[in-house]
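Reading through the structure tokens given below for one structure.
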Amino acid sequence: MNAERTTISEAGTHVGETVQIPGWLYNMRKSGKIVFPLLRDGTGVMQCVAVKSALPENLFETIKNLTQESSVIFTGKIRADERAPGGYEMDVENVEVVQRVPESDAYPITPKEHGIEFLMDHRHLWLRSQRQHAIARVRHEVVRAVRDYFDSHGFTLVDTPIFTPAACEGTTNLFEVNYFEDQKAYLTQSGQLYNEANAMAFGKVYCFGPTFRAEKSKTRRHLTEFWMVEPEMAYADLDEVKRVAEELIVFIVGRVLELRRPELKALERHVSKLEAIKAPFPRISYDEAVKILHSKSSEIQWGGDFGGTDETLLSEGYDRPLMVDRYPTAVKAFYMQPDPERPEVAMGVDVLAPEGYGEIIGGGQRIHDAALLLRRIEEHNLPKDAFNWYIDLRKYGSVPHGGFGMGIERCVAWLCGLEHLREAIAFPRMIYRLRP
RNA sequence: UCCUCAGUAGCUCAAUGGUAGAGCAUUCGGCUGUUAACCGAAGGGUUGUAGGUUCGAGUCCUACCUGAGGAGCCA
């Protein structure tokens, strides 16, 4: 039989034709002399129909005795049917069983409920479920939108190293690795410092890759390995950083709404919440944020950083991402440009996603004055020698510049309405989970 | 590192200190339009580990292990 091979997503273009679809058995409902195998092929799930009277005896028995997640190649005629969830069904004419999962070692993830521990232990199989499939496709769309946005706005992709000789910020939250016999290296927690060098070479750059934080955080908002996109722009001030961050988010949300509606529906995401994401985003200062928090009976003191609850309290008053700028210089990184009119606050901005999803973007304007940068490095007790190259950037044609980092998983979790970041990446790495 | 909660059948969960049970999954039987299909039957257990209290512990106590949620820290 030489039927044309196709996919479930393309089945609608083959109505009336006999085609071949390779995939896996997702589930099967049986009713005596008629069975309904659900075929999954990575592009979708399609209900097939096998009728005993229309098939050779042994073929019908083969189909009827298939087990969940067995790999199969179904051949049959595509038919539009209102009763089918996807709109199309296949009347099965033949099946090639590539590998039949034995009953003695049945597929562990059944169509019923499972606990998170079990599912995380079987993450390599859990990815086959429709929900995980939808999340992965939204993530793909987010990544594609990020790249399209920067690629079409004059940014050059210049990726930064994963191995770094020293910390960008503190040293306590870095993963240390042996670098041959006598050296230590650290896994990057941000490409920003190198990004600044790249920005002085190319004007506008971005890097996009995994970052690592050895913080012992055990919450739904933390991973030890996550993906971050970081743009950096020469001749950009804080307002420009905020403008780009806003434009990027609006672009991403628009793309996901345009191309991933079926996935959002599968995730039961309230699309109206995402349709509200339009420029301009509300912009408030840290000072105002503290006042708002006090009015909501938070006990935050001026000078402290926001906790998870504070971020939720702040964002709940808005239907779109909230930009908070001018944090106390003391709680921010050493390279943050102080406000010339109020040196006690820094020209940094955090973007808090709505619905309590917290900080998805952090960034700001960097110090461009060599003397000030040197002073900050000393104040933070950082090893000056390690930063000589970074200080060079202020010696040879220094310009005001800035950028930000956006956490991909937090962005995906927000767009998908996930309760936990661990579902936003295929194989999450968390403090107490390194497998599978 | 700290706080809270939880570990019972392959999975999700019940079980007043007194004979360990149900649903799903699996196997067998029934059903030609099912939508997490349904109906009937069967098999399936060292109750996370080690101690302790008790006539008797899944249940109470101690320690440890594993996991979950949170705090601090952070995207």
Side-chain angles (χ1 to χ4, degrees), chain A residues 26-38 45-55 60 64-65 67-69 79 81-86 89 91 101-122 129-131 168-170 172-174 189-192 210-230 245 304-311 331-333 350-353 357-363 404-414 419-422 424-425 430-433 435:
Chain A
Y26 194 67
N27 193 12
M28 181 151 57
R29 289 181 278 270
K30 304 180 193 180
S31 179
K33 298 186 180 64
I34 182 168
V35 298
F36 302 93
L38 292 172
V45 175
M46 184 168 70
Q47 172 161 296
C48 303
V49 185
V51 177
K52 186 172 184 175
S53 58
L55 293 168
F60 182 76
K64 195 178 162 184
N65 291 323
T67 48
Q68 195 189 355
E69 286 301 322
R79 175 170 46 72
D81 195 313
E82 286 180 357
R83 292 168 293 188
E89 286 187 345
D91 288 318
V101 177
E103 291 86 353
S104 57
D105 193 6
Y107 187 71
I109 304 179
T110 64
K112 283 277 181 177
E113 291 171 18
H114 298 283
I116 193 64
E117 181 183 2
F118 180 80
L119 289 170
M120 287 305 299
D121 285 343
H122 295 84
S129 76
Q130 297 202 71
R131 175 183 164 82
C168 306
E169 293 162 34
T172 51
N173 14 355
L174 289 168
Q189 61 179 341
S190 165
Q192 188 213 307
T211 46
F212 306 88
R213 303 275 166 100
E215 287 143 11
K216 297 192 170 178
S217 304
K218 185 177 164 40
T219 79
R220 67 185 74 194
R221 299 184 310 279
H222 291 89
L223 300 170
T224 54
E225 176 184 324
F226 63 98
W227 284 65
M228 187 157 68
V229 60
E230 296 175 274
D305 214 341
F306 302 135
T309 337
D310 293 323
E311 290 183 352
V331 301
K332 285 293 174 184
D350 282 357
V351 180
L352 307 179
Y357 280 94
E359 184 182 346
I360 52 171
I361 281 180
F404 60 87
M406 185 179 79
I408 293 298
E409 288 77 12
R410 283 193 180 175
C411 187
V412 171
W414 164 49
E419 286 197 359
H420 200 300
L421 233 48
R422 66 188 156 214
I425 184 168
M430 293 171 289
I431 178 166
Y432 296 124
R433 184 168 289 276
R435 294 189 178 82

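What you are looking at is a predicted structure, and each value in this text was computed from that prediction instead of being measured. Quick note: numbers below take in every heavy atom, side chains included, and nothing from hydrogens, waters or symmetry partners. Each chain gets a letter, A, B and so on, in the order its sequence line appears, and its residues count up from 1.
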* **Under 5.5 Å and under 30°: A:Phe36 stacked on B:G33** => no

* Residue A:Glu359, side-chain atoms from C-beta onward, closest of B:A75, B:C74, B:A25 -> B:A75

* Which whole number of Å gives the distance between the C1' atom of B:A41 and that of B:C31? -> 16 Å

* P-based separation of B:G45 from B:U32 [nearest Å] -> 35 Å

* Given B:G70, B:G69, B:C24, the nucleotide with the shortest approach to the side chain of A:Thr219 -> B:G70

* Asked: Does A:Ser217 get its side chain close enough to the base of B:C73, under 3.5 Å, for a donor-acceptor pair?
  -> yes

* Structure fact -> Per nearest nucleotide of RNA chain B, the residue lying toward the 5' end, A:Phe226 or A:His420, is A:His420

* Consider the side chain of A:Arg433, meaning its heavy atoms from C-beta on, and name the nucleotide among B:A75, B:A68, B:U32 that approaches it most closely. => B:A68

* Is the base of B:C74 touched by the side chain of A:Arg410 through a donor-acceptor pair closer than 3.5 angstrom? -> yes

* When you match A:Glu409 and A:Met430 each to their closest nucleotide on RNA chain B, which lands nearer the 5' end? -> A:Met430

* Is there a donor and acceptor pair closer than 3.5 Å between the side chain of A:His222 and the base of B:C74? -> yes

* **Spacing of the C1' atoms in B:C13 and B:G29 (rounded, Å)** => 28 Å

* Tell me, do A:Gln68 and A:Pro111 make a side-chain contact under 4.5 Å, heavy atoms counted? -> yes

* Counting heavy atoms from C-beta on, name the nucleotide in B:C74, B:A68, B:G33 closest to the side chain of A:Glu89. => B:G33

* Asked: So does A:Thr67 reach the base of B:U26 with its side chain, donor to acceptor, closer than 3.5 Å?
  -> no

* To do: Give a yes or no on whether a donor-acceptor pair under 3.5 Å exists between the nucleobase atoms of B:G33, that is its base, and the side chain of A:Glu82.
  => no

* Asked: Hey, is the side chain of A:Gln47 pairing donor to acceptor with the base of B:U34 inside 3.5 Å?
  -> yes

* **Per A:Val51 side chain, nearest of listed nucleotides B:C74, B:U34, B:U32** => B:U32

